[in-house]
Amino acid sequence: MSQKPRVRFAPSPTGYLHVGGARTALFNWLYARHTGGTFVLRVEDTDDKRNTEEAVQVIYDGLRWLGLDWDEGPLVGGERGPYFQSQRNAIYERYLEQLRAAGHLYEDGGAVRFRSPRQTVQVVDIVCGTIDFDLSNPETHPDMTIRRPDGSWIFHFVNVVDDIEMGITHVIRGEDHLSNTPKHVELYNAFGVRPPIFAHIPLILKKDGKGKMSKRDEGSAVASYITDGYAPEAVRNYLCLLGWSPKDNREKIDIAEVVQLFDLDKINRGNAAFDLEKCAWLSGEYFREMDPARFRELGREALVRAGVDLARFDAAYVDAALDTCRGKVRLLKELPAYAGFYFRDERIMDEAARTKFLTPEALPRLAAMREALGALTTFDAAAIEGVLKPLAAQYGVKLGAFLQPLRVAVTGSAAGPSLYHLLEILGRERVLRLCADV
RNA sequence: GACCCUAUCGUCCAGUGGCCUAGGACAACGGCCUUUCAAGCCGUGAACACGGGUUCGAAUCCCGUUAGGGUCGCCA
């Protein structure tokens with residue numbers, strides 16, 4: 001029987017999925033896909049105070065949004081379940097008895113502790129190398145508690161038991177667990193089981209590099225990328241590049257290729273600060289090259305989420321409007337401000353744009369443009385361009401400067417989609433009305 | 001404080017003894033193009049933490065210092 005790797009992502013349902021956790025999941029997933037192994041999702045809900053249905057849902061949603069599918073775990077099942085620690089009590093009792101019988105345990109204040117053998121423990125880690133930890137001093141390395149007086153379990157114990165039971169071959173997790181690892185190895189030894197191979201991946205630091213990214217930091221929750229409307233493949237791509245690289249200076253790289261190139265020994269050892277700007281840039285890149293139909297779908301969802309009533313407009317209109325935004329926005333949350341004018345009867349005028357462009361000398365030109373547009377037999381982008389360009393020449397004004405007042409009059413903003421196309425989509429009637437009303 | 005990890009532009013990454021007067025990307029700045037804003041194109045500024053070794057030769061190897069991060073729970 002060939003030993004295909006079995007890896008796992010074991011989040012605790014805290015109500016949010018941290019980007020660091022997401023990257024841990026991603027690296028596990030990549031390794032499983034690269035090797036043809038199995039990616040297991042296990043929910044570490046021993047602390048039931050924060051274990052809620054919604055909290056677990058957040059994990060599923062985040063992983064699915066990033067396209068990280070698991071082979072075993074909640075919702076999909078598997079041979080080694082259950083995949084919630086809260087349902088594995090009988091297993092833990094059995095393992096506890098094994099340790100007790102072998103004399104490894106003692107009671108202290110009602111809690112159960114594991115008596116450390118007080119030796120030097122070697123941790124074999126693919127990323128950090130082989131490290132020797134001296135656990136001989138009880139002052140600096142007190143015996144770990146594995147069960148509370150109320151019968152609930154402590155992380156170190158259940159984590160190791162589950163990894164044994166689930167046949168986990170490679171433990172890929174955040175470097176914040178590195179110092180815990182010798183304790184885990186002691187447990188493996190006590191169970192008479194060979195420890196898995198460890199790979200502690202570097203942490204994701206705040207933008208200023210001071211400390212690991214935590215709950216309060218912008219961009220720490222995967223949910224925030226979903227609501228801000230990043231392209232999911234861009235976030236996944238960006239996460240791949242934090243601590244790993246294709247080595248050829250590429251920034252945008254297809255996930256299938258990452259799967260092919262990825263390996264644990266190629267992971268960097270240094271922590272990395274998270275650069276939201278670069279992630280947003282990548283998002284724009286992905287939207288630009290995205291299948292138009294998919295962009296429309298995502299754009300539609302974002303607009304509806306922002307409270308835009310798309311039901312008032314027919315599908316073709318919405319599609320056309322969205323098409324003019326593709327490649328122009330980096331995040332979907334920019335859409336309401338960028339393209340909101342398509343879906344509003346009342347124009348929202350940017351006052352700075354008005355004073356800058358709707359000047360006394362611009363108004364007669366605007367009137368001329370309005371007249372020219374009104375006389376058009378076909379009101380499409382090409383025809384509009386065809387009539388506006390000569391008009392600008394006639395006035396002897398540079399095209400860009402000449403047209404800008406029209407844009408402001410129609411959209412209320414100095415920035416937006418291609419003017420000719422936006423006019424076509426809006427339709428002659430609305431354009432003429434907006435032009436008259438300045 | 002103890003232990004562990006790390007150390008190249010502001011940030012991410014490339015560089016594994018000579019091809020490096022250090023390369024790419026984001027960000028910044030300047031220019032071009034242009035129906036706005038973007039995009040695109042061109043360009044500018046910007047780094048091997050410090051000190052010792054090893055070597056003919058070090059960003060690359062070794063030691064120390066310093067700095068940063070992590071862990072030291074009856075959280076996970």
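Proteins come first, then strands; the chains are lettered A, B, ... in the order of their sequence lines, and each starts at number 1.
- One atom, CG of A:L178, and another, P of B:C5, lie 7 Å apart when rounded to the nearest Å.
- Distance noted for atom C1' between B:G30 and B:G68: 35 Å (whole Å).
- Rounded to whole Å, atom P of B:A25 lies 18 Å from atom CG of A:L242.
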Does the ring-ring contact (aromatic ring centres under 6.0 Å, His included) test come out yes or no for A:Y83 and A:W70, once each step is laid out? CA-CA 12 Å; A:Y83 295 92; A:W70 54 99; over 10 Å; no

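- B:C41 is paired with B:G31 under the Watson-Crick or G-U wobble criterion, all donor-acceptor distances under 3.5 Å.
- B:C48 and B:A2: their C1' atoms are spaced 31 Å apart (whole Å).
- On the P atoms, B:C19 is 12 Å away from B:G23, given to the nearest whole Å.
- Under the Watson-Crick or G-U wobble criterion, with both distances below 3.5 Å, B:C3 is paired with B:G70.
- Distance, A:E334 CD to B:C37 P: 16 Å, rounded to whole Å.
- Proximity of A:R148 to the phosphate of B:A76: a side-chain N or O atom is located under 4.0 Å from OP1 or OP2.
- At the heavy-atom level, A:G209 lies under 4.0 Å from the strands shown only through sugar-phosphate atoms.
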Under 3.5 Å between N/O atoms: give me all the protein pairs with nucleotides 30-35 of chain B, atom names plus distance.
| unit_1 | atom_1 | unit_2 | atom_2 | d |
| --- | --- | --- | --- | --- |
| B:U35 | O2 | A:L419 | N | 2.8 |
| B:U35 | N3 | A:S418 | OG | 3.2 |

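- Taking the nucleotide of RNA chain B with the nearest heavy atom to each of A:G416 and A:F274, the more 5' of the two is matched to A:F274.
- Proximity of A:T46 to the phosphate of B:A76: a side-chain N or O atom is located under 4.0 Å from OP1 or OP2.
- Using a 4.0 Å cut-off, some side-chain N or O of A:N268 falls inside it from OP1 or OP2 of B:A14.
- Residues A:D176 and A:S245 both approach RNA chain B. Their nearest nucleotides, taken by heavy-atom distance, put A:S245 toward the 5′ side.
- For A:H156 and B:U71, the NE2 to C1' distance is 10 Å, given to the nearest whole Å.
- A donor N or O paired with an acceptor N or O is found under 3.5 Å between the base of B:U36 and the side-chain atoms of A:K328.
- Within 4.0 Å (heavy atoms only), A:E44 reaches sugar-phosphate atoms of the nucleic acid but no base atom.
- For A:N249, the side-chain atoms get nearest to B:A14 when compared with the rest of B:C37, B:U36, B:A14.
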Can A:H104 and A:F191 be said to form a ring-ring contact (aromatic ring centres under 6.0 Å, His included), step by step? CA-CA 10 Å; A:H104 291 294; A:F191 286 125; 8.3 Å; no

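- The cationic group of A:K207 does not satisfy the cation-pi geometry with A:F274, failing either the under 6.0 Å distance to the six-membered ring centre or the 45° limit from the ring axis.
- Between B:G24 and B:C5, the distance separating the two C1' atoms is 27 Å to the nearest Å.
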Determine whether A:Y342 and A:T324 satisfy the following criterion, side-chain hydrogen bond (donor to acceptor under 3.5 Å, both in side chains), listing intermediate values before the conclusion. CA-CA 11 Å; A:Y342 281 122; A:T324 64; 2.8 Å; yes

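- B:U6 and B:C41 have their P atoms separated by 38 Å, with the value rounded to a whole Å.
- Comparing the C1' positions of B:G69 and B:C26 gives a spacing of 23 Å, expressed to the nearest Å.
- Counting only heavy atoms from C-beta on, A:I131 has its side chain closest to B:C5 among B:C13, B:C5, B:A76.
- A:H177 comes within 4.0 angstrom of a base, heavy atoms only.
- No side-chain donor from either of A:E218 and A:S224 sits under 3.5 Å from a side-chain acceptor of the other.
- Pairing partner, B:A25: B:U11, with both Watson-Crick or wobble hydrogen-bond distances short of 3.5 Å.
- As a whole-Å value, the separation of A:W281 CH2 from B:A39 P is 11 Å.
- The pair A:R236-A:E233 does not count as a salt bridge, with every side-chain nitrogen at least 4.0 angstrom from each carboxylate oxygen.
- Using a 4.0 Å heavy-atom cutoff across all strands shown, A:R330 reaches sugar-phosphate atoms only and no base atom.
- Across the P atoms, B:C9 and B:C13 are found 11 Å apart, a figure rounded to whole Å.
- Rounded to the nearest Å, the gap between the P atom of B:A46 and that of B:A22 is 10 Å.
- One cannot find a donor-acceptor pair under 3.5 Å joining the base of B:A14 and the side-chain atoms of A:K247.
- Here A:G243 lies in heavy-atom contact (under 4.0 Å) with sugar-phosphate atoms only.
- Among the protein residues, A:G284 comes within range of no part of the nucleic acid, since none of its heavy atoms lies under 4.0 Å from any strand.
- Heavy atoms of A:A414 sit under 4.0 angstrom from at least one base atom.
- Remark: A:T145 is in phosphate contact with B:C74, judged by side-chain N or O atoms under 4.0 Å from OP1 or OP2.
- Within the nucleic acid shown, A:D208 has no heavy atom closer than 4.0 Å to any nucleic acid atom.
- For A:L422 and B:A38, the CG to C1' distance is 14 Å, given to the nearest whole Å.
- As rounded to whole Å, 16 Å separates atom C1' of B:C12 from atom CG of A:L203.
- Rounded to an integer number of Å, the gap from A:K278 NZ to B:A28 P is 14 Å.
- Considering A:R173, A:H177, A:E175 as possible partners of A:H200, the one that fulfils the side-chain hydrogen bond (donor to acceptor under 3.5 Å, both in side chains) test is A:R173.
- Listed candidates were B:C3, B:G24, B:A39. Nearest to the side chain of A:F133 is B:C3.
- Stacking of A:R354 on the aromatic ring of A:F357 is not recorded, the 6.0 Å distance cut-off and the 45° axial limit not both being met.
- Residue-level contact check: A:K252 touches neither bases nor backbone, having no heavy atom under 4.0 Å from any strand.
- Screening A:I164, A:D163, A:D162, A:V158 for a side-chain contact (heavy atoms from CB on, under 4.5 Å) with A:V160, the sole residue that qualifies is A:I164.
- Within the 4.0 angstrom heavy-atom criterion, only backbone atoms of the sugar-phosphate kind lie near A:A273; the bases stay farther away.
- Across all strands shown, A:R288 has heavy atoms under 4.0 Å from sugar-phosphate atoms exclusively, and none from any base.
- Residue A:D275 is classed as a base contact, given a heavy-atom separation below 4.0 Å to a base.
- Checked by distance alone, A:Y238 brings no side-chain donor or acceptor within 3.5 Å of a matching partner on the base of B:C12.
- With respect to A:R330 and A:E277, a salt bridge is recorded, a charged nitrogen being found less than 4.0 Å from a carboxylate O.
- Pairs of residues two or more places apart, or lying in two chains, that qualify as ring pair (Phe, Tyr, Trp, His ring centres under 6.0 Å) and include a residue from residues 400-431 of chain A are A:Y395-A:F402.
- Between A:K206 and the phosphate of B:U11, there is no side-chain N or O to OP1/OP2 separation shorter than 4.0 Å.
- Residue side chain A:N180 reaches the base of B:A76 through a donor-acceptor N/O pair under 3.5 Å, judged by distance alone.
- Using a cutoff of 4.0 Å between basic side-chain nitrogens and carboxylate oxygens, A:E251 and A:K278 are scored as salt-bridged.
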